[in-house]
Amino acid sequence: MLGPVILAASRSDKMRRFVSAAPGTKQVVARFIAGESVDQVVPIIVDAADKGLEVTLDVVGEDITTVEQSHAARDAYLELIDRLKDLGLGTKAEMSVKLSMFGQSLEGGHELALANVRPVVEAAAAIGTTVTLDAEDHTTLDSTFAIHDALREDFPQTGCVIQAYLFRTEADARRLAANGSRVRIVKGAYKEPAEVAYQDKAEIDKAYVRVLRILMEGGGYPMIGSHDPRLISIAQELARRAGRKLDEYEFQMLYGIRSDEHLRLAAEGHRMRVYTAYGTDWYGYFMRRLAEKPANLLFFARSILTKD
């Protein structure tokens with residue numbers, strides 16, 4: 001299986017240098033990364049809004065090593081929020097953040113990440129939008145959920161992400177669904193050991209459906225993060241059975257993947273949000289996109305054999 005190999009490579013400095021230097025990398029990265037700056041991503045937000053789509057914005061970059069870098073990450077999101085305010089797009093765009101980027105893995109990282117993310121969540125609320133805390137590898141989740149709980153005391157609309165392939169996720173979903181959280185369910189995109197996560201695709205899909213049923217039948221707001229047509233259909237049926245209206249859940253898909261499906265779901269009246277990443281430190285995010293689907297890897301392999 002190539003997925004675990006690619007995920008391991010996402011942590012390799014040697015592979016980072018090789019991939020960055022490959023002649024076709026820029027072309028492929030542009031498929032998944034909306035730009036390097038706020039100025040480049042703003043037209044994409046406006047275009048999405050014009051098409052009836054919403055977005056969640058991720059300033060990529062998670063492998064930080066200093067407190068100063070964590071402050072820079074905070075400031076990048078605050079800059080983004082200022083631009084959204086100026087454009088009047090607060091209700092069409094939310095933010096997704098990785099707490100590792102806010103210093104979670106550093107010494108005293110739990111407190112540092114909470115201190116860094118709180119002003120971002122506060123600024124987002126001030127313009128009518130919110131923040132979702134992305135899930136990372138399983139060793140970070142207790143800290144992430146604790147930060148989520150702390151933020152929700154003042155900003156109850158703060159969202160979080162759960163990953164279907166982890167054994168713990170059904171229990172997490174029951175707790176979160178009961179207290180009104182906004183919860184994004186995804187399959188999972190990190191290399192996790194067999195002691196904590198399902199390894200077989202069919203088992204992961206079954207777990208996804210079990211967790212999604214918990215969310216749909218609970219009191220929270222489910223956000224279905226998937227490109228899988230079968231899971232999308234199942235989500236629609238579970239929502240119908242739970243008596244949910246179209247504005248009581250939403251679909252989320254990645255920028256650059258199944259764009260026609262984004263428009264189809266929106267045209268049917270569903271809330272459709274596009275996960276849109278931008279920034280210069282794209283390597284880790286990019287490698288996880290390759291790992292998720294063999295077709296992405298084939299596209300990249302062909303591209304690196306060509307010149308810009």
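- Salt-bridge annotation for D137 and K191: absent, with no side-chain N of the basic residue lying under 4.0 Å from a carboxylate O of the acidic one.
- With hydrogens and angles ignored, the 3.5 Å screen pairs no side-chain donor or acceptor of E122 with any backbone N or O of R118.
- Here the NZ atom belonging to K98 is positioned 11.0 Å from the OG1 atom belonging to T140, to the nearest 0.5 angstrom.
- Between the NE2 atom of H227 and the CD atom of Q252 there is a distance of 10.0 Å, given to the nearest 0.5 Å.
- To the nearest 0.5 Å, atoms CD1 (I232) and CD (E237) are separated by 15.0 Å.
- One distance of note links CG of L114 with CG of L112; it measures 9.5 Å at 0.5 Å rounding.
- Remark: T91 OG1 to L84 CG distance equals 10.0 Å, nearest 0.5 Å.
- By the 4.5 Å heavy-atom criterion applied to side chains, I162 and L176 are counted as neighbours.
- When ring centroids are compared, F102 and Y77 come within the 6.0 Å threshold.
- A donor-acceptor pair is defined here as one N or O able to donate and one able to accept, closer than 3.5 Å; such a pair exists between the side chain of Q40 and the backbone of S37.
- One hydrophobic cluster holds both I185 and M253 under the rule that ILVMFWY side chains link at heavy-atom gaps under 4.5 Å.
- A distance of 9.0 Å separates CZ of R258 from CG of D260, quoted to the nearest 0.5 Å.
- Hydrophobic clustering of Ile, Leu, Val, Met, Phe, Trp and Tyr side chains at less than 4.5 Å, counting indirect connections, unites L212 with M272.
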Intermediate values then yes/no, side-chain contact (heavy atoms from CB on, under 4.5 Å), I64 and L106: CA-CA 8 Å; I64 70 162; L106 303 180; 4.3 Å; yes
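- Partners of H270 by ring pair (Phe, Tyr, Trp, His ring centres under 6.0 Å), not counting sequence neighbours, listed by chain and number: Y249, F251.
- The ring pair (Phe, Tyr, Trp, His ring centres under 6.0 Å) analysis of residues 195-226, with sequence neighbours excluded, yields the pairs F167-Y198.
- Annotation: side chain of I224 is in contact with side chain of M216 (closest heavy-atom distance under 4.5 Å).
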Quick one: do R168 and D142 satisfy salt bridge (Lys or Arg N to Asp or Glu O under 4.0 Å)? Show the steps, please. CA-CA 11 Å; R168 63 174 288 172; D142 287 339; 3.0 Å; yes
I'd like to know whether Q104 forms a side chain to side chain donor-acceptor pair (under 3.5 Å) with S143, so could you lay out the CA-CA distance, the side-chain angles of the two residues, the decisive distance to 0.1 Å, and finally the verdict. CA-CA 8 Å; Q104 189 182 46; S143 170; 3.0 Å; yes
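- A salt bridge between E268 and R264 is present, with a side-chain N of the basic residue lying under 4.0 Å from a carboxylate O of the acidic one.
- Between E94 and R182 there is a salt bridge, since at least one side-chain N of the basic residue sits less than 4.0 Å from a carboxylate O of the acidic one.
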